[in-house]
Amino acid sequence: MIESRAIERGPKTVKSLLLLATTLTVLGLALPCSWPLAAQTAPTAVVADPPVDKQSPPGLVMFAVPSHGVELDAWLYVASGAGPHGTVILPHGLPGYEMSGDLAQSIRRAGWNVLLFHYRGTWGAGGTFSQSSAIEDTAEVVRFLRDPANAAKYHADPKRIVLIGHSFGGFIAGYEASHDPDIKAVAMIAAVNLGKINADPKEREARLKRWETQLHPVRGATAKQLFAEAERHAKDWDYVQWAEVLRTRPVLLLEADDQNHADMEALSSALREKSAVALEQVAVTTDHSFSDHRIALQSIVIRWLEKLETSGSEARKEHSTRTKVVLLGTGTPVPDPDRSGPATAIIVDDRAYLVDFGPGIVRRAEAAALKREIPAVEPGNLKVAFVTHLHSDHTAGYSDLILGGWTSGRTVPLEVYGPTGLQSMTEHILQAYRIDIETRTNPEGNQRRFPDGSKVNAHEIKPGVVYKDEKITVTAFLTKHAMESYGYRFDTPDRSIVISGDTNPVEETIKACNGCDVLIHEAQPLELLAKMPESVQSFDAKYHTTTAQLAELATRARPKLLVIYHTVSFPPGIAPPRLLQPKAGADALYASPEMLQKEIGSRYLGQFVIGRDLDVY
Ligand SMILES: [Zn+2]
Ligand SMILES: [Zn+2]
């Protein structure tokens with residue numbers, strides 16, 4: 001785990017290493033490879049500086065990456081040349097005595113930007129440390145790199161982000177890659193498997209002793225606390241499980257003769273079992289820090305990075321960018337300022353197709369247009385919408401979508417599709433705003449030249465294909481909620497997306513997804529439901545989906561990515577209404593992301609995320 005210790009070489013480990021036949025599997029080709037047998041001359045980037053580029057010289061820039069109220073110290077080795085460059089993030093160990101600066105420099109010489117940072121609560125950074133917060137910090141660093149302004153500033157290609165981590169950093173790299181489908185590739189070097197550090201009492205004892213002596217640069221966590229935290233996450237932090245989602249991407253497993261060797265072997269076996277498309281595994285007879293094999297380490301990593309550039313995965317990735325999912329609102333009727341009413345936009349090229357129009361939709365759409373640079377969701381560009389059901393949390397933004405879209409420049413009628421009652425709702429909204437519409441279209445009105453923008457064509461639907469144009473086919477299927485309700489499947493030239501709306505688990509969703517690219521589904525945590533009054537529990541049992549049910553459903557539906565949204569939750573400070581007075585104390589009805597993560601992660605092996613407003617997938 002911690003890099004600076006002297007390695008204890010148990011006889012068993014040494015034996016297994018000697019017998020180890022390493023394999024190199026790249027794009028389906030299995031070639032024998034082990035270090036140093038495969039050692040050739042070191043790649044140029046390891047031993048020689050690149051040609052001087054006066055126009056775009058390399059550089060070192062320092063900045064702060066915001067993460068959960070703390071400014072993380074981060075620094076970027078900028079590669080030479082105009083770019084855009086791919087970026088390697090090098091999450092460090094715990095506490096991080098071996099920063100792998102030599103590796104960072106080689107990677108930069110190979111033409112990649114390299115980002116290093118300190119986790120919250122380490123090496124003087126603000127806040128306190130936990131393994132979970134380090135996971136969060138890493139996700140924020142990725143988000144920072146994807147920010148178009150930062151990408152432009154640092155000549156970085158936000159689509160080419162690779163994580164390479166050693167020890168605890170290897171765990172972090174694997175975690176981030178397995179939870180973010182857009183991470184291009186991951187290298188785990190002598191990575192600790194935090195899900196297993198409590199598994200063997202003897203090994204636990206030995207590790208704990210080491211940790212206790214080496215946490216000086218870490219604030220806010222004792223070794224015992226970190227072990228207890230790992231125990232709580234034992235299931236979702238067992239990296240062997242991540243093989244399922246990592247199998248489709250390039251993975252480099254670089255093993256040392258150390259305490260993490262057996263876990264790394266287990267991960268590589270799991271990846272092979274799942275026919276990983278681009279697994280490279282190399283074992284090196286050296287200590288945990290690769291102390292006498294630093295050049296070997298750099299050479300292996302650089303060769304692997306060079307191969308990434310020539311693999312076909314980039315082309316596939318480019319192709320998949322025509323269609324995006326933008327979460328405009330992931331909330332419920334709870335007036336959570338961080339979660340707007342349910343609304344999702346499916347973007348194909350320059351067009352947006354909405355699902356539901358919860359309160360806040362127009363402002364969130366503008367925020368997505370500005371912050372995520374997606375002009376298709378400018379309110380004036382919103383022309384087609386599908387509604388899952390007529391509950392107010394899904395429709396209270398309807399009048400704003402009609403009128404706000406119109407005043408923002410929509411010149412054609414809004415086309416809306418949904419269950420019985422939609423036409424009546426539409427007529428009544430237009431009637432309610434009669435004075436506004438008349439005033440805006442009278443001879444002085446600002447919208448008089450495009451009166452059609454205030455009109456709505458409301459289509460009441462039945463299951464089946466409900467919409468088709470040259471970019472998309474939309475199929476509605478029946479779901480089970482407190483009223484007539486539909487889920488939708490969207491087929492675009494490059495992706496398939498299914499959204500559940502509010503519903504009990506139904507076979508139709510499984511059939512509609514059936515290996516789809518993205519499934520967006522509601523979920524209510526069991527821990528929280530247990531604290532709800534009986535009446536709510538029985539309503540939810542009929543008309544909503546628990547985390548356990550969703551895990552089971554998603555296992556059968558096999559989406560490439562599961563996005564969880566619409567979770568009833570009262571964040572700290574937001575009081576539940578009297579009907580919902582919880583059985584246990586204040587703040588008891590808060591469904592934290594960790595709670596969802598734990599409940600889904602312990603039951604579902606596929607890739608999933610807890611959706612947040614303005615997330616783009
Ligand atoms: Zn709802
Ligand atoms: Zn509902």
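Both counts, for ligands and for their atoms, begin at 1 and track the order of listing.
Taking the Zn ion (ligand 2) as the apex, the angle formed with NE2 of His389 and OD2 of Asp502 is 90°, to the nearest 10 degrees. Centred on the Zn ion (ligand 1), the angle running from His394 (NE2) to His566 (NE2) is recorded as 100°, rounding to 10°.
Contact annotation: the side chain of Ser454 never approaches that of Arg440 to less than 4.5 Å [non-hydrogen atoms, C-beta and beyond]. Looking at Trp237 and Ser132, their side chains come closer than 4.5 Å, going by heavy atoms from C-beta outward.
When you scan the N, O or S atoms of His391 for the one nearest the Zn ion (ligand 2), you land on ND1. The N, O or S atom of Asp393 lying closest to the Zn ion (ligand 1) is OD2.
Taking the six-membered ring for Trp and the full ring otherwise, Tyr467 and Tyr417 have centroids separated by under 6.0 Å.
Counting backbone and side-chain atoms alike, Glu522 contributes no N/O/S atom closer than 2.8 Å to the Zn ion (ligand 1).
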Verdict with reasoning, Lys531 to Leu589, per side chain to side chain contact (heavy atoms under 4.5 Å, CB included): CA-CA 7 Å; Lys531 296 177 197 157; Leu589 295 186; 4.1 Å; yes

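Counted by atom type alone, Glu140 and Ser67 present zero donor-acceptor pairs between their side chains at under 3.5 Å.
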